[in-house]
Novice: 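My structure is below; once you've seen it, I'll send some questions.
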There are 2 protein chains.
Amino acid sequence: MGDMNKNGPEAKLLVVDDEPNIRELLATSLRFAGFEVVSAGNGRDALAAAELHAPDLAVLDVMLPDMDGFTVTRRLRAAGKHFPVLFLTAKDDTEDKVTGLTVGGDDYVTKPFSLDEVVARIRAVLRRTQPQVDDDAVIRVDDLQLDDDAHEVRRGGTVIELSPTEFKLLRYLMLNPNRVLSKAQILDHVWEYDFNGDASIVESYISYLRRKVDIDPDAPALIQTKRGVGYVLRTAEKR
Amino acid sequence: MGDMNKNGPEAKLLVVDDEPNIRELLATSLRFAGFEVVSAGNGRDALAAAELHAPDLAVLDVMLPDMDGFTVTRRLRAAGKHFPVLFLTAKDDTEDKVTGLTVGGDDYVTKPFSLDEVVARIRAVLRRTQPQVDDDAVIRVDDLQLDDDAHEVRRGGTVIELSPTEFKLLRYLMLNPNRVLSKAQILDHVWEYDFNGDASIVESYISYLRRKVDIDPDAPALIQTKRGVGYVLRTAEKR
DNA sequence: CCAGACTCTGAACGTTTTCTGAGTGGGAGA
DNA sequence: TCTCCCACTCAGAAAACGTTCAGAGTCTGG
């Protein structure tokens with residue numbers, strides 16, 4: 001969830017990962033985010049799928065059974081395919097391998113990732129490489145605004161400093177104003193997919209966020225608790 | 001329950017649960033709610049039924065004799081079936097297993113559930129994934145309005161704070177305006193199916209609701225008692 | 001290598017909610 | 001009118017829930 005589906009698909013993506021769980025998780029999630037998705041489980045199939053479907057972007061695991069992601073990319077380029085690539089890398093992959101990735105509009109995220117982060121990165125790359133679509137990477141809710149490119153949050157002019165997790169949490173809330181989000185939903189979207197702790201961590205981070213976002217005790221609180229259900233970001237003007 | 005049947009069935013559902021009691025309870029209840037229902041008792045049959053009937057949504061117990069719900073889902077996706085899933089999980093299934101259940105428009109409810117909750121969740125998921133039908137998740141009766149997404153109730157503009165059970169009770173009443181509902185009916189729809197207390201609890205909650213909803217002593221009461229029969233939500237324009 | 005920031009867990013605390021039992025009130029039939 | 005029964009309300013116990021804090025462990029930048 002997060003964003004509503006537009007009329008047509010936003011863009012066509014090629015998802016390549018050899019672990020079926022991750023592949024399906026990504027495919028399902030990205031489809032729901034409004035993308036058209038085709039997927040492959042190895043480098044060979046990925047090349048064939050790229051030829052067949054002409055995607056706008058590929059989400060590509062660097063660790064594949066037959067050839068690594070860099071080889072796949074090189075062959076794609078050699079075949080005249082110049083769509084951008086979002087690499088999936090393991091966290092312990094030496095950094096120098098990763099540094100060369102962000103040239104040419106490509107980007108990467110480390111496994112395990114959070115689903116909303118992948119969607120955000122994909123949109124960011126597409127925004128850079130296909131600047132015709134004029135969504136400006138700024139989400140606004142009342143006097144709150146979150147700039148994805150600058151990674152900056154403001155409440156009525158003044159900047160609010162947030163930790164990475166706080167930022168992602170607020171981002172998810174702002175993408176779904178006036179809709180109650182359960183702790184499970186928040187966990188699934190904001191936290192990394194392999195997190196297997198308690199959903200109560202969401203309570204902690206809501207608490208941290210409120211301390212930074214809802215400071216003024218007189219103003220109506222933006223972040224509200226729906227006891228037994230979840231949390232909502234409530235706009236002032238509602239219907 | 002709830003709504004009157006339209007001309008055709010609202011959507012086609014696949015119900016999968018190995019306990020025959022629960023399966024039949026769900027199937028009967030959902031049929032009455034206007035859905036077309038097919039059911040299966042294990043993962044294998046579920047996959048076959050999905051192939052044969054092409055449902056719009058599946059209600060899927062995560063604990064099945066042959067394979068768990070996640071495996072079923074993954075195989076469905078691999079087979080190109082991308083309809084949303086509403087998972088049924090046991091509450092004591094240490095909830096960390098919940099990871100990934102709410103992505104892609106999917107959702108879950110914990111056993112034991114209340115029947116109206118399941119119907120509400122199904123409608124919510126269908127609304128999110130099939131946005132062509134533009135019912136906007138708001139139920140209106142006179143100047144009362146109940147917003148399912150925001151989980152918020154208003155009486156003529158002002159917000160009314162309700163506890164979860166109060167909310168579900170009012171919701172059930174609003175789905176059946178001008179129809180007398182017996183305490184047994186209310187209990188069956190609003191409370192969890194394993195509740196084995198007295199029906200007099202309905203009286204208590206009606207009392208709580210009135211205190212919040214029918215405050216104005218001059219205005220005609222919305223919630224009315226039919227002595228010996230049950231309760232009605234009575235609209236102003238009606239008889 | 002150190003200091004600070006960040007993430008996550010567990011526990012304490014206060015609050016809300018759920019449910020039950022008992023007393024009170026009022027409607028309807030005899 | 002009287003009586004019986006149903007419904008209403010209140011009060012209280014137990015459980016569930018959410019908030020916050022302190023602390024342990026980890027990561028990161030200087």
Novice: Measure from CZ on B/Phe167 to P on C/dT17 and round the result to the nearest Å.
Specialist: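 Rounded to whole Å, this separation is 13 Å.
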Novice: Look at the side-chain N and O atoms of B/Arg210 and state whether any lies under 4.0 Å from the OP1 or OP2 oxygen of D/dC8.
Specialist: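 Answer yes for this pair, as a side-chain N or O of B/Arg210 is under 4.0 Å from OP1 or OP2.
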Novice: Between the base of D/dC6 and the side chain of B/Tyr231, is there any donor-acceptor pair under 3.5 Å?
Specialist: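 Side chain to base: no pair present.
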Novice: Output yes when at least one side-chain N/O atom of A/Arg227 is less than 4.0 Å from OP1 or OP2 of C/dT17, else no.
Specialist: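 For A/Arg227, the contact criterion (side-chain N or O under 4.0 Å from OP1 or OP2 of C/dT17) is not met.
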Novice: Any sub-3.5 Å donor-acceptor pair from B/Arg154's side-chain atoms to B/Leu146's backbone N or O?
Specialist: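 No: the side chain of B/Arg154 does not pair with the backbone of B/Leu146.
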Novice: Please determine if a side-chain N or O atom of A/Lys183 lies less than 4.0 Å away from the OP1 or OP2 oxygen of D/dC17.
Specialist: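 Negative; the distance criterion is not met.
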Novice: Ignoring backbone atoms, test whether B/Ser207 places a side-chain nitrogen or oxygen under 4.0 Å from the OP1 or OP2 oxygen of D/dC8.
Specialist: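 No, no such contact exists.
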Novice: Whether A/Trp191 contacts C/dC8 is assessed here as follows: a side-chain N or O lying under 4.0 Å from the phosphate OP1 or OP2. Is that the case?
Specialist: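 It does, given that an N or O in the side chain of A/Trp191 lies less than 4.0 Å from OP1 or OP2 of C/dC8.
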Novice: For B/Lys183 and B/Glu203: C-alpha separation, side-chain torsions, deciding distance, then whether salt bridge (Lys or Arg N to Asp or Glu O under 4.0 Å) applies.
Specialist: CA-CA 8 Å; B/Lys183 273 171 260 188; B/Glu203 298 169 6; 2.9 Å; yes
Novice: To the nearest Å, how far apart are B/Glu161 CD and C/dT15 P?
Specialist: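 It works out to 17 Å between those atoms.
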Novice: Go through the steps for A/His151 and A/Phe167 under the test side-chain contact (heavy atoms from CB on, under 4.5 Å), then give the verdict.
Specialist: CA-CA 8 Å; A/His151 216 266; A/Phe167 185 88; 3.4 Å; yes
Novice: Sub-3.5 Å donor-acceptor pair from the side chain of B/Arg23 to the main-chain atoms of B/Asp17, do we have one?
Specialist: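 At least one qualifying donor-acceptor pair exists.
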Novice: Does a side-chain N or O of A/Ser204 approach OP1 or OP2 of C/dC8 to a distance below 4.0 Å, or not?
Specialist: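 No, outside the criterion.
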Novice: Identify, between A/Glu203 and A/Tyr208, the residue whose nearest nucleotide on DNA chain D lies closer to the 5' end.
Specialist: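 Taking each residue's closest nucleotide, the earlier one in sequence belongs to A/Glu203.
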Novice: Taking 4.0 Å as the cut-off, does a side-chain nitrogen or oxygen of B/Thr225 come that near to OP1 or OP2 on D/dC8?
Specialist: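 It does, given that an N or O in the side chain of B/Thr225 lies less than 4.0 Å from OP1 or OP2 of D/dC8.
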Novice: Kindly say if A/Thr165 contacts the phosphate of C/dT7, meaning a side-chain N or O under 4.0 Å from OP1 or OP2.
Specialist: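 The answer is yes; a side-chain N or O of A/Thr165 sits under 4.0 Å from OP1 or OP2.
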Novice: Can you check the B/Leu162 CG to C/dT18 C1' distance for me, whole Å?
Specialist: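 Those two atoms, CG and C1', are 15 Å apart.
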Novice: For the backbone of B/Val213 and the side chain of B/Arg155, can you confirm whether one donor and one acceptor N or O come within less than 3.5 Å of each other?
Specialist: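 It does hold such a pair.
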Novice: Picking from D/dC21, C/dC8, C/dT18, which would you name as closest to the side chain of A/Phe195?
Specialist: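 The closest nucleotide is C/dC8.
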Novice: Just the rounded figure in Å: distance from C1' of C/dT7 to CG of A/Asn196.
Specialist: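 Rounded to whole Å, this separation is 15 Å.
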